[in-house]
Amino acid sequence: MDSLLIKGGVPLRGEVRISGAKNAALPIMAAALLTGAACVIRRVPDLSDVRFMGQILMRLGAEVRFEGDTVRIQARQIKGTGDYELVRKMRGSICILGPLLGRLKKATVSLPGGCVIGARPVNLHLKGLEALGAKVTIKGGYVEVAAKRLTGAAMFLGGRAGPTVLGTANVMMAATLAQGVTVIESAACEPEVVDLASFLNAMGARITGAGSPTVTIAGVRELHGAEHEVIPDRIEAATYAITAAATGGEVTLCGARPDHMRAVIDKLNDAGVVVEANHSGLRVRRGGRLKAVDITTLPYAGFPTDVQAQMMALMALAPGISIITERIFESRFMHVSELARLGADIEIEGPSAIVKGGRLLSGAPVMASDLRASAALVIAGLAARGATQVNRVYHIDRGYENIDGKLRQLGARIERIEEA
Ligand code: EPU
């Protein structure tokens, strides 16, 4: 298993190009299952999760071709079964369920199971598909959905923690080919949902309201091929912004969309970080001393759970006490004990982490547990004195394109140690 060896203490400087958003690219690739015609998707990040979605689509019978950051998908004839072996490796693969049901009127997909960040149920996905007329059966670890025909319906998709991103995506995709009008209340408002809706509309769907809590989908008879460019990854951009602040450097995030990052920019400003929009994206630098700020993760447009771990690494460096509350995933604090190995003082109290910041961090070997936790460890390692080895780095390759290359370009002393 590869690891990253970091020698900390270098302020990062320069420009970094933000890649396409993983969490937009995955459902958009799945949406190509809704038509037999060719789809061309651009600005697709080169990530293991994306290549894996490509494999899933091929196993379903689609032709998938990667050419640089473009992927061409044509799903002329497909089967409706997503096996356990494929689905268990990536929880996001559940987003094939909606398009398979829409296109074939039936699908059998393995239930993805939980992961280290929480239970991750799919009850809301199934509630929405049932509302469209699908019969849902759970058997042998698989969910089977089938309908003679799908009929538009009004539904409420809010859950315990608010809306669901991939649940909204699944229902939206199935509803494009339903008869009549579907209205999703408490829909997820994330920019990735908006990006999926624009791709679906380019394929001939009739979706309005994406980005608001009420999304309306007027069903059509069929969809056609389309071309689309994926939005820049707001989570990757936030991660590099925090890295610049943590190392006391100055970094320009080329292509970043400030309109997708308001909550993160606002918290960074409160923490003493200067973020300026310019013609190429966002320029980020530390304004003076870092300040401790409290953070609560929320559905969009609130502070994203996918940036919680990275912000905790920054707060470990800010003198004072910061309370970080996780409201989306109940156990997304796996990074806490690893940050403690670098010298951070963090205690967990229920859904909150209390960070007593301002201590000097010093390098140590640490273990990555999930994608964003790994990013937090890289940030802490870059800010720490001495050497940090981040093990199990495959987690980070799931969601950050060429992270070591991009960081090196900004002056970081980081190398990948490949294990045979
Ligand atoms: N939930 C339910 N029932 C459901 C679905 C979700 O109770 O049927 C709950 C979840 O347990 C959680 C909350 O609703 O408490 C929100 O989960 P959501 O469904 O929105 O998460 P997701 O769609 O499975 C996507 C991203 C995650 C990101 C979350 C929240 C993709 C591929 N994944 O997951 O990304 O954290 O939205 O913004 O889009 C990551 O990139 O590191 C990552 C984990």
Side-chain angles (χ1 to χ4, degrees), residues 19-31 45 47-50 52-53 56 87 89-98 111-131 136 138 143 155-173 184 186-196 213 230-231 233-239 260 263-264 297-310 326-332 334-335 351 368-376 395-401:
S19 301
K22 165 181 83 85
N23 290 347
L26 295 175
I28 286 173
M29 288 172 72
L47 300 171
S48 56
D49 271 10
V50 165
F52 191 64
M53 180 56 92
I56 291 180
V87 172
K89 289 192 193 146
M90 182 176 76
R91 203 200 167 277
S93 51
I94 191 67
C95 66
I96 60 176
L97 190 62
L111 284 166
C115 68
V116 293
I117 66 175
R120 312 198 72 179
V122 291
N123 58 313
L124 298 170
H125 301 228
L126 303 182
K127 177 183 174 187
L129 300 178
E130 264 178 335
V136 175
I138 293 182
V143 54
M155 65 184 79
F156 176 79
L157 276 196
R160 183 186 50 80
T164 159
V165 175
L166 290 178
T168 303
N170 259 330
V171 174
M172 210 161 75
M173 290 190 274
I184 308 175
S186 193
C189 302
E190 271 69 2
E192 293 75 17
V193 171
V194 179
D195 206 31
L196 172 64
V230 173
I231 52 169
D233 196 317
R234 64 194 169 99
I235 308 298
E236 188 199 27
T239 302
H260 292 167
V264 171
T297 66
L298 288 169
Y300 193 81
F303 193 92
T305 173
D306 291 345
V307 186
Q308 179 256 108
Q310 302 89 313
E326 174 57 56
R327 291 272 178 230
I328 308 295
F329 292 113
E330 65 272 25
S331 50
R332 204 172 200 180
M334 300 291 285
H335 40 287
S369 56
D370 73 81
L371 170 56
R372 310 302 171 186
S374 325
H395 285 293
I396 214 165
D397 294 329
R398 295 185 44 201
Y400 290 93
E401 185 173 54

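Counting starts at 1 for both ligands and their atoms, following the listed order.
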Participant: Which one holds for His125 and ligand 1: side chain close, backbone close, both close, or neither close, with close meaning a heavy atom under 4.0 Å?
Facilitator: both

Participant: Decide whether an N or O pair under 3.5 Å exists between Gly92 and ligand 1.
Facilitator: no

Participant: Under 4.5 Å between any side-chain heavy atoms of Glu190 and Pro163, yes or no?
Facilitator: no

Participant: Atoms of ligand 1 less than 4.0 Å from Leu371 heavy atoms?
Facilitator: 42 (O)

Participant: Mind checking whether Leu124 has an N or O less than 3.5 Å away from an N or O of ligand 1?
Facilitator: yes

Participant: Hey, could you give me the CG/CD1 distance between Leu126 and Ile94, rounded to the nearest 0.5 Å?
Facilitator: 7.0 Å

Participant: Quick one, Arg234 and Pro304 - any side-chain contact, counting heavy atoms below 4.5 Å?
Facilitator: yes

Participant: Nearest heavy atom to atom 1 (N) of ligand 1: which of Pro121, Cys95, Ser93, Gly128 does it belong to?
Facilitator: Pro121

Participant: Using heavy atoms and a threshold below 4.0 Å, how should the contact between Tyr300 and ligand 1 be classified: side chain, backbone, both, or neither?
Facilitator: neither

Participant: Heavy-atom contacts with Arg160 under 4.0 Å: which atoms of ligand 1 show up? List them by number with element.
Facilitator: 11 (O), 15 (O)

Participant: Are any of the side-chain heavy atoms of Met155 and Glu130 separated by less than 4.5 Å?
Facilitator: no

Participant: Considering only heavy atoms from C-beta outward, does the side chain of Asp306 approach that of Asn23 to under 4.5 Å?
Facilitator: yes

Participant: Between atom OG1 of Thr164 and atom CD1 of Ile328, what is the distance when rounded to the nearest 0.5 Å?
Facilitator: 10.5 Å

Participant: Would one find an N or O of Arg91, backbone or side chain, under 3.5 Å from an N or O of ligand 1?
Facilitator: yes

Participant: Would you mind telling me if ligand 1 is within reach of the side chain of Met90, the backbone, both or neither, using heavy atoms under 4.0 Å?
Facilitator: neither

Participant: For Asn123, which part has a heavy atom under 4.0 Å from ligand 1: side chain, backbone, both, or neither?
Facilitator: both

Participant: As an exercise, identify every atom of ligand 1 less than 4.0 angstrom from a heavy atom of Val122.
Facilitator: 4 (C), 8 (O)

Participant: Would Gly162 count as being in polar contact with ligand 1, using the rule that some N or O on each side must be under 3.5 angstrom apart?
Facilitator: no

Participant: With a 4.5 Å limit on heavy-atom distance, are the side chains of Glu401 and Lys22 in contact?
Facilitator: no

Participant: Does Arg332 have a heavy atom less than 4.0 Å from any atom of ligand 1?
Facilitator: yes

Participant: Do the non-hydrogen side-chain atoms of Arg91 and Val122 ever get within less than 4.5 Å of each other?
Facilitator: yes

Participant: To the nearest 0.5 Å, how far apart are NE2 in His395 and CE in Met334?
Facilitator: 8.5 Å

Participant: Could you check which of Asp306, Thr164, Asp49, Asp370 puts a non-hydrogen atom nearest to atom 28 (C) of ligand 1?
Facilitator: Asp306

Participant: Record the part of Thr305 in heavy-atom contact with ligand 1 below 4.0 Å; permitted values are side chain, backbone, both and neither.
Facilitator: side chain

Participant: Return the CZ to CG distance between Arg327 and Leu298, rounded to the nearest 0.5 Å.
Facilitator: 8.0 Å

Participant: Just so I know, are the side chains of Tyr400 and Asp233 near enough to count as touching, which here means a heavy-atom distance under 4.5 Å?
Facilitator: no

Participant: Say whether Gly167 and ligand 1 are in contact under the criterion: heavy-atom distance to a ligand atom below 4.0 Å.
Facilitator: no

Participant: Just to verify, what does Arg398 make a salt bridge (Lys or Arg N to Asp or Glu O under 4.0 Å) with, not counting sequence neighbours?
Facilitator: Asp49

Participant: Do Ile328 and ligand 1 have an N or O pair less than 3.5 Å apart?
Facilitator: yes

Participant: Should you measure from each heavy atom of Ala161, which atoms of ligand 1 turn up under 4.0 Å away?
Facilitator: 13 (C), 15 (O)

Participant: I'd like the name of whichever of Leu166, Leu157, Leu126 reaches closest to atom 23 (O) of ligand 1 through any heavy atom.
Facilitator: Leu166

Participant: Any nitrogen or oxygen of Lys22, side chain or backbone, less than 3.5 Å from one on ligand 1?
Facilitator: yes

